[in-house]
Amino acid sequence: MEIKISIRKANDATSVIELVGEIDVYTSPKVKDAVSGLIDSGIYNIIIDLAQVKYIDSTGLGVLIGGLKRVREHGGSVHLICNNPQIRKIFDITGLVKIFGIFDTEEAALRALK
Amino acid sequence: MEIKISIRKANDATSVIELVGEIDVYTSPKVKDAVSGLIDSGIYNIIIDLAQVKYIDSTGLGVLIGGLKRVREHGGSVHLICNNPQIRKIFDITGLVKIFGIFDTEEAALRALK
Amino acid sequence: MTGSDSIELAIPRRAEYVAVARLSVAAIAGRLRFSIEDVEDVKLAVAEACTGAIARGSQLGGRIELLFEGGDEALHVRVVAFAPLSDLQELRGDHGQGPRIGALGSYLIRALMDEVRYEKGSHGALDLIMSKRQQFV
Amino acid sequence: MTGSDSIELAIPRRAEYVAVARLSVAAIAGRLRFSIEDVEDVKLAVAEACTGAIARGSQLGGRIELLFEGGDEALHVRVVAFAPLSDLQELRGDHGQGPRIGALGSYLIRALMDEVRYEKGSHGALDLIMSKRQQFV
Ligand SMILES: Nc1ncnc2c1ncn2[C@@H]1O[C@H](COP(=O)(O)OP(=O)(O)O)[C@@H](O)[C@H]1O
Ligand SMILES: Nc1ncnc2c1ncn2[C@@H]1O[C@H](COP(=O)(O)OP(=O)(O)O)[C@@H](O)[C@H]1O
């Protein structure tokens, strides 16, 4: 019932936020802080690694959407790493699969940025 | 919240009951039926494999104790396979560690029967 | 579960307790032998309902009360005092003016459950009632 | 959790619902940041209390009511109408005659929790009250 957040650079222009745990109304403010902090520091290409996220709710989706809106103002992008079928289903149901790039691996997400 | 039970012969005199799941007041009657059935069929050396059991309560312990009492009348034994620290703790707390043989592997349990 | 088999859960109307509701309903749906996928659906729908009750119901008292009932091959969940009566039109999709609260959450509840409705409850507030039918494969 | 942060759970007094109580209390203890080992302890103790309530309380109504309260660095659990009043002596360890019901279960509850007591509750039955202190490592 917690979330672990770690951030690292993939290259000069791109950072990866790795999330481990569950993203819900209690934990999503922490995710929002991490995303906002990165954007405030001038990083507009963000890969969010959801591979170890077992649960995401509408507040978590809202944080991802909010981040995407902000980076787009700078010509940036938010790509997601996700191969959990239950999580992918949530992106399908909400139609968010059409606005995010969703990839199985970090390599695929990085390739799509080039 | 379910229990899966499978029974197989280890040798002519010994059978292994493999349990997967949780043993509580709801599922322990099924375990009891399996143990009783084996004893009724004349098997008095029983290895109960708890390696994939994540939870056991007093009713589950009661079934193991009941089985042990019955096989002892025939000079038999009940050996347990268990390396989950939480489950071992329950056997420690209740003192049952002194009446059952508890082993890390099936090989060790079988060797102890010789 | 039959009529007398209902389960009640009351938690503080606060974000940190939504996980308790989520895990409790997962256990209930599991007990009813819902498939793993359906358990996940019900879990998310109940969590979204609690999240909505937190956002909408700050003036409705400090607790969220959930009633679960199984039977006729479905799980029925009532969220007591989910929202003030004045939210009814907006919740029914008749937007009116002003921003919509938690539109994504409401959308997910409707997508994940088989039936969703609102009813005037005993406390002069709206209850949210939702049902998930069991799939037999 | 403070006073107003209590959680209530009512389940049918039947074996198949003990798992629901177990998973709910695990979520509650987790939320209170109990260690994984302490969560397991509380989970088993609450399950044993429900199992005891099923064995002892068949005449005490069809439901088991559990009240959880966190605070002063401990989780307090009250099992309402755990047993009939006539069980008090035996529960306190004064065996009397006759066989003891669920001695192993009571023993585990005492071993796993920091405090266990019985109290005459509002329904003319015994409530079981147990507490687990939080370990700070
Ligand atoms: N399918 C979608 N595609 C794009 N944006 C969306 C989609 N669904 C919701 N949004 C946007 O995501 C944000 C958060 O949604 P929601 O949780 O419904 O709102 P709120 O924060 O008001 O509760 C809003 O800005 C909304 O416009
Ligand atoms: N530490 C122990 N060592 C040996 N036998 C035990 C121990 N604890 C309990 N037993 C036996 O295990 C059986 C089941 O225990 P328990 O669950 O307390 O009884 P009940 O079935 O009456 O509720 C009883 O026969 C009891 O005598």
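Not measured: the values here are computed from a predicted model. Below, chain A is the first sequence line, B the second, and so on; all start at residue 1.
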> If you take all heavy atoms of C/Y107 and A/I93, which pair is closest and at what distance?
Replying inline: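 Smallest heavy-atom distance, with atoms named: OH-O, 3.1 Å.
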>> Quick check: closest heavy atoms across C/T51 and A/T59, and the distance to 0.1 Å?
In response: CG2-CG2, 3.8 Å
Part of [X] lying under 4.5 Å from any heavy atom of chain A:
| X | answer |
| --- | --- |
| C/E48 | side chain |
| C/L112 | side chain |
| C/L108 | side chain |

Heavy atoms from other residues, nucleotides or ligands near [atom1] of [X] exceed 12 (cutoff 6.0 Å):
| X | atom1 | value |
| --- | --- | --- |
| C/L85 | CG | yes |
| A/K98 | NZ | no |
| C/E115 | CD | no |
| A/N11 | CG | yes |

> Under 3.5 Å, is there a donor-acceptor pair between the side chain of A/Y26 and the main chain of C/R14?
Replying inline: no
> Using non-hydrogen atoms and a limit below 4.5 Å, what part of residues 78-92 of chain A faces chain C?
Replying inline: A/Q86, A/K89, A/I90
> Among C/D41, C/I54, C/I36, who wins on heavy-atom pairs under 4.5 Å with chain A?
Replying inline: C/D41
> Would you say C/L104 and A/I65 make side-chain contact, with heavy atoms under 4.5 Å?
Replying inline: yes
